[in-house]
Amino acid sequence: QVAVLASAMGDAMATVINQSGVIRANSAVERNGMIVLSGGGNGAVHVSGTLDASGAAAGQSGGTVQVLGDKVALDSGASINVSGAAGGGTALVGGDYQGSNTAVQNASRTYVAAGAAIRADATDSGNGGKVVVWADGDTRHSGAISARGGANGGDGGFVEVSGKQQLDLRGSVDVAAPAGAGGRVLLDPQDILINTTTQPSPPNNADGTPDVAFADPPAAGTYTIQVADVTGYSELYLQATNNITLASALAMTAGNKVRFEAGNAIALNAALTASGGVNLSAASITSTAAGTITTTGAGNTNAGNVTLNATGSINMAGAITASGGAATAGNPGRSGGAVSITGAGVTVAAVTASGSAGSGAAQTGGAGGSIAITSTNGISATGTLTASGGAGGTGPSVGGNAGSITLANSGAGNIAVGALTASTGNALTTGAGGTAGSISVTNSAAGASLGTGNITTTGGANGDGGSVTLNSAGALSAG
């Protein structure tokens, strides 16, 4: 273990640690190495050399490196290495996860320069490690971070790059896993804009002072993410204290997920595709007609789930589709996903969570998914809600089970929706029909109305019809 510690000399005078050259605390067989550079409560820490707590031998994991202080900078040429043959270690620069670990000092400003690198990779067989770059104020990252899974097995690791007030992220993050699942990336600024624009090189504040990295904070306002940089993440996990806006279409690699959390609003102005699933949480969630959500499964895979949670209103003009992936020859159909929408006033366009058709002799159709909408201030649907099973393949084959649709409103507001369909998939020749589905619509708001378009739970070929339940404290109409 190597520790370089310094404390502020009184409230007005800060210490400075300037590290160049090489510090090593490589892993032993039974104990991982640790390096700590701490500038104290008012100190600044600059790293331009190498901090090496790696574990290169077979069976060894990477160790731990902590670079802490009031202001922390990894200058060009800096290298932090906590990689290990059996798994990556932990690198904390400016703080720990979301700045919440009281045992680890949080920096007020953190800077990772272009040409600086942090590596927490598994180099043989194991999971990638953990890297956190944090500041209570502003964080600027223009370097390279990796927490890759091992070439011979293991998943990608976890990387967080966050500025509690402002984030300027122009560097790279790599959590790939050649032989496993990709890792997770958390970005946590005030506002996030996702589009296809190429982000400019970071500014060069050539004022000639040692604290050039801290001369000017990032411009207040929005942090922009380039779509091409994030599609390969197994889970794109974005948090913003204010707003998240998707301005250009984002299509994740097959099986990957998206999770957005915003303190104020999430706006989808372009298509969002993530077959692993989509989870959005905010005070309000909106989409334009172009802002579709698609979690349809890749070939021969089930659909991902869609979860939308808002403390206020949800207004989705774009369609939501969570259907089973297409079956290739000789394979059964795949199941639709679960779509769950909860808000204080919900408006949606078409929502589809259906199973896909079987392909080939005796191949069963995929099961329909579920659609559940819960609101405390009315529900409106401008398109059809569908959760039906897929058809069977050729010859005697079984139709897919029907899904379910559940709409529930309380507090205030009306329910006004279009057609609702939850049917079994068609069986072929003498194949059995799938299990029947159900549709339930309830409005318990006093004096409020319930109105629907046509309701269909009719069974497909050889299938039975499902149940329909309508309850309203006020006027009720259907069809």
Side-chain angles (χ1 to χ4, degrees), residues 275 277-278 292-307 316 318-328 331-341 348-360 362-373 379 381-394 396-408 417-429 431-441 452-470 478-479:
S275 60
V278 170
T292 57
I293 297 175
T294 303
T295 61
T296 295
N300 298 318
T301 61
N302 297 331
N305 298 329
V306 176
T307 301
M316 310 299 290
I320 298 173
T321 306
S323 295
T328 57
N331 285 286
R334 300 297 171 169
S335 299
V339 178
S340 174
I341 303 174
V348 296
V351 180
T352 304
S354 294
S356 62
S359 179
Q363 297 301 321
T364 302
S370 62
I371 300 172
I373 301 177
I379 298 173
T382 60
T384 300
L385 309 187
T386 306
S388 295
T394 59
S397 59
V398 176
N401 297 336
S404 65
I405 299 174
T406 304
L407 311 181
V417 298
L420 308 175
T421 302
S423 298
T424 59
N426 289 324
L428 271 293
T429 63
T435 302
S438 65
I439 295 176
S440 173
V441 185
T452 75
N454 294 332
I455 298 175
T456 304
T457 59
T458 305
N462 301 341
D464 295 327
S467 64
V468 176
T469 305
L470 303 177

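In this text the structure is predicted, and so the values were computed from the model without any measurement.
Here the closest non-hydrogen pair linking Ala436 and Ala402 is C-CB, 3.9 Å. Closest of all the heavy-atom pairs between Gly337 and Ala353 is O-CB, 3.5 Å. Between Gly403 and Ala422, the shortest heavy-atom contact is O-CB, 3.7 Å. For Gly336 against Ala303, the heavy-atom pair with the smallest separation is C-CB, 3.9 Å. Nearest heavy-atom pair, Thr386 versus Ser354, reported as atom, atom and distance to 0.1 Å: CG2-OG, 3.6 Å. Closest of all the heavy-atom pairs between Ala322 and Val339 is CB-CG2, 4.0 Å.
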Name each donor-acceptor pair under 3.5 Å that joins a side chain in residues 459-466 to protein atoms two or more places apart or in another chain, with its distance.
unit_1 : atom_1 : unit_2 : atom_2 : d
Asn462 : ND2    : Thr429 : O      : 3.0
Asn462 : ND2    : Gly431 : O      : 2.6

Please set out all donor-acceptor pairs under 3.5 angstrom arising from side-chain atoms of residues 362-370, sequence neighbours excluded.
unit_1 : atom_1 : unit_2 : atom_2 : d
Gln363 : NE2    : Ala361 : O      : 3.4

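Qualifying side-chain contact (heavy atoms from CB on, under 4.5 Å) partners for Ser356, counting only residues two or more places apart in sequence or in other chains: Arg334. With sequence neighbours excluded, the residues forming a side chain to side chain donor-acceptor pair (under 3.5 Å) with Thr435 are Asn401, listed by chain and number. Listed by chain and number, the residues in a side-chain contact (heavy atoms from CB on, under 4.5 Å) with Ala387 are Ile371, Ile405 (sequence neighbours excluded). Looking at residues two or more places apart in sequence or on another chain, you find a side-chain contact (heavy atoms from CB on, under 4.5 Å) between Thr296 and Thr294, Thr321, Ser323. With sequence neighbours left out, the side chain to side chain donor-acceptor pair (under 3.5 Å) criterion links Asn300 to Thr328. For Ser438, the side-chain contact (heavy atoms from CB on, under 4.5 Å) criterion is met by Ser404, Ser467, not counting sequence neighbours.
Using a 4.5 Å heavy-atom cutoff, the side chains of Val441 and Val417 are not in contact. In this structure, the side chains of Ile439 and Thr452 stay at 4.5 Å or more apart for every pair of heavy atoms.
Taken to the nearest 0.5 Å, the CD1 atom of Ile455 stands 4.5 Å off from the CG atom of Leu470. Distance OG1/Thr469 to CG/Leu407: 12.0 Å, rounded to 0.5 Å. Note that the OG1 atom of Thr307 and the CD1 atom of Ile293 stand 10.0 Å from one another [nearest 0.5 Å]. Atom CG of Leu385 sits about 11.0 Å away from atom OG1 of Thr406, to the nearest 0.5 Å.
Using modelled atom types, one side-chain atom of Ser388 and one backbone atom of Ser423 make a donor-acceptor pair closer than 3.5 Å. Asn302 places a side-chain N or O within 3.5 Å of a backbone atom of Ser335 that can act as its donor or acceptor partner. Of the possible polar contacts, none joining the Thr424 side chain to the Gly434 backbone as a donor-acceptor pair under 3.5 Å is found.
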